[in-house]
Every structure is written in C-alpha cells, then in structure tokens.
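Contents: one structure, followed by commentary.
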Amino acid sequence: MAVNVKSCYLFLLDNVHQMFMPTDRPLDETVDGAYHFLEKNIEKCVKNAAGRPAVFREDSEVRQLFLEYRNRTIPFLEFANHVAAKRYDFKERYEILTASDLFLCEIEMAEVEYVVGLELTCKEGMVHHVNQSETGIQNNLLVHQSIIPIASLKSANFFMIDLDKMTLTILEGMTSTEDDDTHLYADKILECKTEISVKEAVKKARHVAAEVIEHHELDKLEMVPAFERVIKETINEGKDIDMKEIAEEVFYQAPEAKMAYVAEIENQGIEKPVQNTNWVKMPLKKTQKLKTDTGIEITIPLDYYNNKDYIEVLNMPDGRLAIQIKNIGNIENK
C-alpha cells in the first residue's frame with residue numbers, strides 16, 4: 001500500500017524554548033530523500049496495530065474546519081495551521097516540554113485521498129563540525145537537535161483522516177497528569193470518539209483465552225498455539241476480528257469453554273468485531289518454543305508441532321509429562 005505525499009507543511013513545536021514556528025510554504029520536494037522519508041514513516045504508522053479507528057464528534061471544531069477545507073472554502077494551510085497551533089497550546093498546558101516536528105500532509109494511498117498528521121519528537125545528540133581557519137582545520141563536536149525516529153516509531157503521534165468518509169485512524173500514547181489521563185489528539189485536539197485498536201483487542205483476547213484454557217483444564221500446549229494461529233491469520237487476511245468466530249474455531253471441541261470465552265470477551269468491552277480498516281499485519285510464528293521446569297528448551301517447526309507422528313507430549317503415571325520426538329533421520333550439534 002504505497003503512500004504518495006502530494007503536499008506537506010512542517011511546523012516546529014519547540015515547547016522547551018516556548019517557540020511555535022508556523023510555515024507559509026510547503027516542504028521543499030526537491031530536497032533529496034525528504035518526501036521519501038515521510039512516505040515510509042507514514043506507511044509504518046498506517047500498518048501499526050496500535051492505531052485506533054475513530055470518528056469526529058459532532059461538536060468538533062476541527063471537524064468543521066475539515067469540512068470547509070474539503071469543500072474548498074479554506075486552503076489546506078489554514079486547516080493545518082489551526083491543528084498545529086492547537087497541538088502546541090496543549091503541549092504547553094500539559095507541560096510536555098519537548099521539541100517536536102509536526103508534518104501535516106495531503107496524501108494519496110490506494111487511490112484514496114487522506115489528510116495525515118505525523119509528529120516526531122526531536123532528540124538531542126552530537127554532530128561533528130569542521131572549522132577551517134588560518135591556523136588550520138579544527139574538528140569539533142556540537143550539540144544538535146534533530147528527529148531521529150527509531151524503526152518502531154515509538155515516539156510518533158499520528159492521525160489520518162479519510163477525505164471522503166471522514167473516518168480517522170489515530171496512533172498516540174496516553175498523556176498523564178495529576179488532573180487526568182487523556183489522549184490529546186483524540187480527546188482534545190481532533191475531538192473524536194475512538195474504538196479499540198487491533199493491538200489492544202489482541203492483548204485482551206490472549207489474556208481471556210489463557211484464563212479460559214486454564215479454568216477448563218484444556219491442553220495449553222495445543223490450544224495456545226492454535227489460538228495464536230487463528231487470530232493472526234484473521235488479521236493478516238485483512239478481516240475484522242470477530243471474537244465469536246475465533247472462539248468457534250479454537251474451542252470447537254469444548255462448547256463450555258467457547259461460551260465462557262465469548263462471555264468474558266464481551267465483559268471486557270469487545271461486543272462487536274474489531275475493525276481492521278488499514279489491513280495491519282502481525283508476524284506469524286514459524287516455530288513453537290517449549291521450556292520445561294528443568295530448564296530444557298525445545299524449538300519445533302509449526303508444521304510438525306501438532307503432528308503426533310513427529311512429536312507427542314505424554315502424561316506419565318506419576319503425573320509428570322514427557323516429550324517424545326519421533327521419526328528422526330539424524331541429529332547434529334548446533
């Protein structure tokens with residue numbers, strides 16, 4: 001799903017030195033690598049399973065401005081300036097004393113147009129500086145602030161608005177103060193109603209599955225990998241996560257466990273399928289690792305894990321377990 005940045009405005013939000021630097025002109029697209037940098041990082045944020053689906057609240061000030069921009073009664077820059085100034089003000093109010101770069105972009109992805117906000121926190125580091133004078137060359141170190149996002153973009157704040165549907169995806173961490181805990185972009189700046197993310201849903205689903213497997217005394221060596229496979233295949237196929245369907249597939253041999261799983265998932269607040277609007281991906285395990293209480297670790301390819309012709313977990317008369325590995329052609333030291 002390639003991202004094409006059509007225009008981008010960069011705003012400097014330096015709350016360390018209480019400086020908000022707006023812009024009048026878009027980012028220079030002739031600078032080598034600048035737009036490519038943005039496109040790759042936007043693509044990573046879109047695919048992040050922690051992104052939460054959202055819709056504007058009817059009384060949202062930003063929603064009204066977005067409608068005016070969409071109807072071409074105001075330019076994109078006016079909308080962008082408002083969002084950037086609001087973000088700076090809330091950073092001041094919540095004492096988020098960081099310097100950050102906020103990119104507000106018009107993009108196209110899979111023939112759909114979006115507005116995107118990507119905020120990256122600047123990091124302080126050292127850069128080398130060459131000083132040439134009459135007495136010769138002197139190489140120095142200078143303190144410098146720049147955006148150095150790590151591969152996982154853990155420090156990024158991100159939102160994306162579908163130009164046609166006006167639905168949103170928001171990726172941000174919780175901001176905590178003595179007064180309240182809030183998601184600043186979702187709750188204060190964009191003023192949205194959000195739903196659970198794929199990442200949050202999977203975390204809850206795993207916890208509930210583990211409790212149900214334990215309570216109903218099911219074989220966790222079989223059930224846990226089966227659960228992981230089903231939920232990840234569902235996500236990677238681009239489907240919404242329907243917990244009832246997952247329960248049908250994983251607990252089909254244990255009706256009481258299936259009912260308990262569905263009831264507890266609903267009790268956790270997941271009462272309808274979880275949206276996977278951006279086709280996020282989760283890595284599929286290729287091996288299953290087992291660790292015994294004696295410290296022995298075994299790594300088994302998943303193709304063989306549930307095949308009793310190759311590996312079998314046996315219940316011994318004394319109540320302990322044994323792992324039997326079968327049909328081996330040869331063994332090598334690794």
Discussion item. Could you report the tightest heavy-atom contact between Leu184 and Glu172, atom names first, then the distance?
Written reply: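 Between these two residues, the closest heavy atoms are N-OE1, 3.3 Å.
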
Practice prompt. Could you pull out the closest heavy-atom pair between Leu120 and Ala156, with the gap in Å?
Written response: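 Shortest heavy-atom contact: CD2-CB, 3.8 Å.
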
Listed pairs under 3.5 Å, donor-acceptor, residues 322-333 side chains, sequence neighbours left out:
| residue | atom | partner | partner atom | Å |
| --- | --- | --- | --- | --- |
| Lys326 | NZ | Lys308 | O | 2.6 |
| Lys326 | NZ | Glu312 | OE1 | 2.9 |
| Asn327 | ND2 | Asp309 | O | 2.5 |

From [X] [atom1] over to [Y] [atom2], what is the distance, rounded to the nearest 0.5 angstrom?
X: Asn276; Y: Ile235; atom1: CG; atom2: CD1; value: 6.5 Å
X: Cys105; Y: Glu39; atom1: SG; atom2: CD; value: 9.0 Å
X: Ile161; Y: Leu168; atom1: CD1; atom2: CG; value: 5.0 Å
X: Glu134; Y: Gln132; atom1: CD; atom2: CD; value: 12.5 Å

Would you be so kind as to tabulate the donor-acceptor pairs closer than 3.5 Å made by side chains of residues 13-26, with sequence neighbours excluded?
| residue | atom | partner | partner atom | Å |
| --- | --- | --- | --- | --- |
| Asp14 | OD1 | Val16 | N | 3.1 |
| Asp14 | OD1 | His17 | N | 3.2 |
| Asp14 | OD1 | His17 | ND1 | 3.4 |
| Asp14 | OD2 | His17 | ND1 | 2.8 |
| Asn15 | OD1 | Lys91 | NZ | 3.0 |
| Asn15 | ND2 | Tyr88 | O | 3.3 |
| Asn15 | ND2 | Glu92 | OE2 | 3.0 |
| Thr23 | OG1 | Arg25 | N | 3.4 |
| Thr23 | OG1 | Arg25 | O | 2.9 |

Determine whether a donor-acceptor pair (N or O, by modelled atom type, separation under 3.5 Å) exists between the side chain of [X] and the backbone of [Y].
X: Tyr69; Y: Ala80; answer: no
X: Glu113; Y: Ile107; answer: no
X: Lys220; Y: Glu214; answer: no
X: Lys258; Y: Glu248; answer: no
X: Arg320; Y: Asn315; answer: no
X: Arg70; Y: Asp164; answer: yes
X: Thr73; Y: Glu68; answer: yes
X: Ser60; Y: Phe56; answer: no
X: Glu200; Y: Ser197; answer: yes

Worksheet entry | Tyr261: partners by ring-ring contact (aromatic ring centres under 6.0 Å, His included), with sequence neighbours left out |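 Expected list: Phe251.
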
Worksheet entry | Sequence-distant partners of Phe159, ring-ring contact (aromatic ring centres under 6.0 Å, His included), two or more places apart |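 For Phe159 the ring-ring contact (aromatic ring centres under 6.0 Å, His included) partners, ignoring immediate neighbours, are Tyr185.
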
Worksheet item: Does NZ or CZ of Arg229 lie under 6.0 Å from the centre of the six-membered ring of Phe227, at an angle within 45° of the ring axis?
Response: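 Judged by the rule (NZ or CZ under 6.0 Å from the ring centre, within 45° of its axis), Arg229 is not positioned above Phe227.
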
Is there side-chain contact between [X] and [Y], with at least one heavy-atom pair below 4.5 Å?
X: Glu61; Y: Lys86; result: yes
X: Ile96; Y: Phe90; result: no
X: Arg52; Y: His183; result: yes

Worksheet item: Do Phe79 and Phe66 have ring centroids that are under 6.0 Å from one another?
Response: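 Between Phe79 and Phe66, which both carry aromatic rings, the centre distance is below 6.0 Å.
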
Fill in: Contacts of type side-chain hydrogen bond (donor to acceptor under 3.5 Å, both in side chains), residue Thr299, not counting sequence neighbours
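So Thr299 forms no side-chain hydrogen bond (donor to acceptor under 3.5 Å, both in side chains) with any residue.
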
Using distance alone, with no hydrogens and no angle criterion, decide if [X] and [Y] have a side-chain donor and acceptor under 3.5 Å apart.
X: Thr292; Y: Thr294; result: yes
X: Thr30; Y: Asp28; result: yes
X: Thr175; Y: Asp181; result: no

Practice prompt. Determine, stepwise, if the pair Leu221 / Leu290 fulfils side chain to side chain contact (heavy atoms under 4.5 Å, CB included).
Written response: CA-CA 9 Å; Leu221 293 177; Leu290 302 179; 3.7 Å; yes

For residues 201-210, which side-chain N or O atoms pair as donor and acceptor with protein atoms under 3.5 Å away, sequence neighbours left out?
| residue | atom | partner | partner atom | Å |
| --- | --- | --- | --- | --- |
| Lys204 | NZ | Gln268 | O | 3.0 |
| Arg206 | NE | Glu228 | OE2 | 2.8 |
| Arg206 | NH2 | Glu228 | OE1 | 3.1 |
| His207 | NE2 | Glu211 | OE2 | 3.2 |

Worksheet item: Between Tyr9 and Phe76, is a side chain to side chain contact (heavy atoms under 4.5 Å, CB included) present by the stated rule, with each step listed?
Response: CA-CA 9 Å; Tyr9 292 86; Phe76 178 64; 3.8 Å; yes

